[in-house]
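Everything on this sheet refers to the single structure shown next.
Computed from a prediction, not measured in an experiment: that's the story for all the values here. Below, read A as the first sequence line, B as the second, and so on, with proteins coming before strands; counting in each chain starts at 1.
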Amino acid sequence: MANVSMVDVLFALPILVPSLGALLVLLLDVFLEENWPRGIFTGVVLVGTLGAIKYVSDASGVETTLFSGVLYHDPFSVYFFLIITVTAALTLLMSEGRLRQEGIENPGEFYALYLMATAGAMIFVAAAELITLFLGLEIMSMALYCLCGSAVRLSRSSESALKYFFLGSFSSAFLLFGIALLYGLTGSTQLEVISENLVGSNSFVVAIAMGFLLFGFIFKIGAVPFHFWAPDVYQGAPTPVTAFMACTIKASALGAALRVLWMLFVENYEYYQIWSDAVWMIAILTMIIGNVVALRQRSLKRMLAYSSVGHAGYMLVAFLAPMEWGGGAALLYYIAGYGVMTIGAFGVVLAVTAAGAQERDGDDITTFNGLGNSSPVLAALMTLFLLSLAGLPPGMAGFVGKFYVFSAAVSGGYTGLVIVGVLCSAVSCYYYLRVVVAMYFIPAEAGAGDASVAPTVGLSMGSALGLCAGAVLLLGLFPSFVYDSAKLIVSGLY
Amino acid sequence: MEGLPLLSTIIFLPLLGAVMLYLLPVCKPASDSDGEVSRYTALIFSLMTFVLSVILLVAFVPEQTDMQFRESASWIPSFGIHYQLGVDGISILLVLLTTFLMPIIILASRSVKDGVRAYLFHMLALETAMLGTLLATDVFLFYIFWELMLAPMYFIIGIWGGKRRIYATLKFVLYTVFGSLLMLVAIFYSVNAYAALHGEYTFDLAKLQEGLVLSRNVQIWLFAAFALAFGIKVPLFPFHTWLPDAHVEAPTGGSVVLAGVLLKMGLYGFIRFAYPLFPLGAQVFGPYLALLAVIGIVYGALVAWAQSDIKKLVAYSSVSHLGYCVLGFVAFNVASTTGSLYQMLNHGISTGALFLLVGVLYDRKHTRLIADYGGLAAKVPVFAFLFLVFTLSSIALPLTNGFIGEFLILSGSFQTFPILTAVAVIGVILGAIYMLGLYMKTMYGELDESKNGDLTDVNSRELLVFTPLFALVFVMGIMPGPFLRVMTPTVESYVQNVQAKMVTVAQEELDYDFNPAEFSPDTVLSKRRGEASPLAQVRFEGGLQ
């Protein structure tokens, strides 16, 4: 850590911009008037981050690490920076002006924490050594715990914060223990050094370390068996935070997991078998449990929570499929598609519930009854997002994502896993279409709590949903654009 | 004709019309409260599509047996996926059937009162999906269009359907999705097997047909996956239960398009994909498919006989009639396959017309129970006449179109499956019993003045709907020649090709399997080192010379 050069700082700008932005929000909050446009400021910060990412990606000809091997500076990081920032920005855009309705009373803190979580997510995914990885995870998680509880007067919000905090701490501790074991075995926290030194180590201890690391990642990804927090936390947290968790955080955790596990354990073939068996089991259980339990949900947010568990399962299938045959690239594509369609779906939930009651169970499925009549555009967009989540055309991004993932898995020899996957995805059609049934086939009952009154969609929400819908269609119709670059990006990993 | 991508135009013109319904200011509900302008707009677009497809038929060269009017553009290069279209003697008449029925359905959409614009939107979108399914020659593109057919139909049944519409429409979607997703896995498997053999990914149907050489064992599994998807769609006997529900709940137009075109997609899938790709699997499964088809024929007819609801009766008669089509195809000789294709067209016309007639009655009296009618012939003679003609066509009376199709099917399939065909003939008799029984109970007998005294005969618009169908019944029944000429050369070469493959491949009995389960770290390791995968070497040494 001897010398920090200017180049390092410049290349770390995508992380530094939101971090400084977070501090600035807090600072300005002290000096400026009550209602200064924090949302717009945060948006500007995220746009600035995008600019920084552009700068970094233009300069990323040489693959290198920053700050003497703390952070990776490679296309893989840049891709995830982009995903994280774009999903964070879309979520921000759709929640603009709706924080009060969601019960968030200290917007200054909210935005600061939001930016901090974004920065933490980027550190998490770009970490080149395990302590930094843990640091990124904690920055992200601490901010998230607070964000979940940011609707301070709503007991469900506090409940979700506490639940997430307790369970999250455990998972962090396990991850840390895994890191400690690896350090004990190899004498380093650098991923590359560990990867080299791991050859010939005590394989029993390596397996335990691998298990602990997986535990930590699986928790953040929200896969079975560490998914129990997801429905409660997703339901209780304010909807923008839920969308943020479901997309941005999940993307970051998947990216980090892909890099770390792949570098450490796939490079070392003796561990590959254990690792792949474990992930195989987790993927199957995640797909089945996520999709089957989602069938019984009445709360839209809980349903989307279980659906995101199910999608984590599909993504783990991609995880398993060998990178050479497109597994990694499929995962990268899937994350992008999954991000936009999930944000879109949460956005519609936010729009519909915000207009209705702020009470408990304001996101019950009956809230959507008759939306097709009262607000046809919103209902059409929701249909597109749901079809995409179900993987049915014309929801093209979801369909092509599943296509990439499953075809990579088949070429990797996981045909059985893929059969389970497609059957689960057929099951998922039922609960996604149930929402469509509510919106179009069941008329709204006269009275409060349903969509007989058209929800208000402001400019910001409208443009966020429009962008998501456009992305769903374009990603699906021209998938090569993302997929081919994803393939190049992943090829840097092995 | 040069320069204009005719097939793409035909496919996407209806979709353009659908979008136009929402873009044109005259179609806005404010200025078009009864949906009249929207109906005309949709009608114009569907008619233009029909005209284009007639141009296609005129320019089509029947003697050329491979794909014509090809279009190809690279879409997802890393997987060898192309936007690739083509038409041959097998698909062209089905395309015409689709574009021919759509204006009729739109003309008959007067009974849809609420949300006319959305209804027409879904209809036109559905037409695009169906045409795409028929014209795609890339497996991926086919699959997309195939799945795209679901969403509009789901809405058509779900929004404009009857009382149990939600149950019916979800059942329809879930049945279909389960089948088609398993087919997707089989597609992946085939494409990967092709890539293992030839070193490149492709979804091009022609290439896959040519180069995909798989052992009997693998083919059986892959064929089963395809057969499940297509069998559900047809629907074959144990998977048919979604169909009566969907038919009964669907609005008239939905039923017509379902019976007229959508069901044929299943059989078309067998013809275009399952058989040529997996001839050995087809050889193994052929007799079982024939058995299921015959069970469907007899069972469908018996159940139809027992129905008290006219629409349900016609729906079960569809199960029975589609059974003939499947039987004819799996018998797999030129006569029976031609007959099967011909019968698909006939079924589209006669059953489509019957559903329209049921719709006419339902619009007036809001009941479909046979018991509620009787003696209508005296009250509504024109209606009764039309009903008689389409009933006779449906039971395949000579001089009607149904006769030609059934005759070809039965005479062809007798050569392959004599006993099964003999059993299938029972279905013909049963068909006459239940259809004529239906006619007798509704048209003859006492007219209940209190119930049906105010029934009015078909009006001029409805007459306009039925005239082309009426004409086709006799044209296709008396002069089948022009129609058969279009398809026969293609069918001949198709049957020969697939049969040749069944024989040669069976003789060689390839002794290797593509087995991705053998994926191991060693394979990855050697791949990464740039060596040929040991697995791949095994595969190549195995048998492909």
Side-chain angles (χ1 to χ4, degrees), chain A residues 266 268-270 272-273 276 321-326 329 372-373 376 383 387 390-396 399-400 402-404 406-416 418-419 421-430 433-434 436-437 440-442 476-480 483-484 487 494, chain B residues 74-79 81 114-115 118 125 129 140 143-151 154-155 157-159 161 165-166 169-170 173-174 176-189 191-193 195-196 201 221 225 515-525 527-528 535:
Chain A
V266 181
N268 297 295
Y269 296 108
E270 61 252 56
Y272 180 84
Q273 208 56 49
S276 66
M323 292 248 199
E324 287 86 346
W325 294 337
N373 272 330
T383 308
L387 286 178
L392 291 177
M396 289 297 290
F399 172 73
V400 177
K402 276 194 185 134
F403 163 76
Y404 279 143
F406 289 149
S407 97
V410 168
S411 58
Y414 293 98
T415 312
V418 170
I419 289 176
V422 295
L423 290 180
C424 287
S425 132
V427 167
S428 78
C429 289
Y430 178 76
L433 287 179
R434 227 166 48 130
V436 181
V437 166
Y440 285 98
F441 307 163
I442 303 174
L477 288 178
F478 307 102
S480 302
Y483 182 79
D484 289 348
K487 231 173 160 178
Y494 53 87
Chain B
S74 187
W75 184 15
I76 306 178
S78 49
F79 275 83
I81 293 170
D114 303 324
F140 184 81
Y143 189 82
I144 292 211
F145 279 122
W146 172 270
E147 290 280 50
L148 207 53
M149 291 192 297
L150 278 182
Y154 169 74
F155 282 106
I157 301 177
I159 300 182
R165 59 184 192 278
I166 295 174
T169 199
L170 275 178
V173 169
L174 291 180
T176 320
V177 163
F178 264 104
S180 25
L181 281 171
L182 286 176
M183 173 170 78
L184 188 63
V185 182
I187 292 176
F188 290 152
Y189 196 95
V191 169
N192 279 308
Y201 279 100
W221 283 105
N515 186 6
E518 288 170 35
F519 164 75
S520 69
D522 294 340
T523 327
V524 180
L525 186 63
K527 269 209 149 184
R528 198 169 301 168
L535 189 58

Turns out that what part of A:Pro479 lies under 4.5 Å from chain B's heavy atoms comes down to side chain

Which atoms of B:Leu170 are under 4.5 Å from chain A, going by heavy atoms: the side chain, the backbone, both sets, or neither?
side chain

Applying a strict 4.5 Å limit to non-hydrogen atoms, the region of A:Phe399 in contact with chain B is side chain

Under a 4.5 Å heavy-atom cutoff, which of A:Val427, A:Val418, A:Leu433 has the most pairs with chain B?
A:Leu433

Go through A:Phe403, A:Tyr404, A:Phe478 and name the one with the most non-hydrogen pairs under 4.5 angstrom from chain B.
A:Phe403

CD1 on A:Ile442 to CG on A:Asn373, rounded to 0.5 Å
12.5 Å

Interchain contact, B:Ser180 with chain A, by part (heavy-atom threshold 4.5 Å)
neither

Whatever's closer than 4.5 Å to a heavy atom in chain A on B:Trp146 counts as neither

Check: A:Ser480 main-chain N/O paired with B:Trp75 side-chain donor or acceptor under 3.5 Å
no

Reported CD1-to-SG distance for the pair A:Ile419 and A:Cys424, which is rounded to 0.5 angstrom
12.0 Å

Looking at A:Leu477, A:Thr383, A:Leu387, which one has more heavy-atom pairs under 4.5 Å with chain B than the rest?
A:Leu477

B:Ile76 versus chain A, the contacting section by heavy-atom distance below 4.5 Å:
both

For the OH atom of B:Tyr154 and the OG1 atom of B:Thr176, what is their distance to the nearest 0.5 Å?
12.5 Å

Any side-chain to backbone donor/acceptor pair from A:Lys402 onto A:Leu392? Under 3.5 Å, distance only.
no

Chain A shares the most heavy-atom pairs under 4.5 Å, among B:Ile187, B:Leu148, B:Ile81, with B:Leu148

For the rings on B:Phe79 and B:Phe140, is their centre-to-centre separation under 6.0 Å?
no

Fit a plane to each ring of A:Phe441 and B:Phe155, take the angle between them on a 0 to 90° scale, and name the class: parallel (under 30°), tilted (30 to 60°) or perpendicular (over 60°).
perpendicular

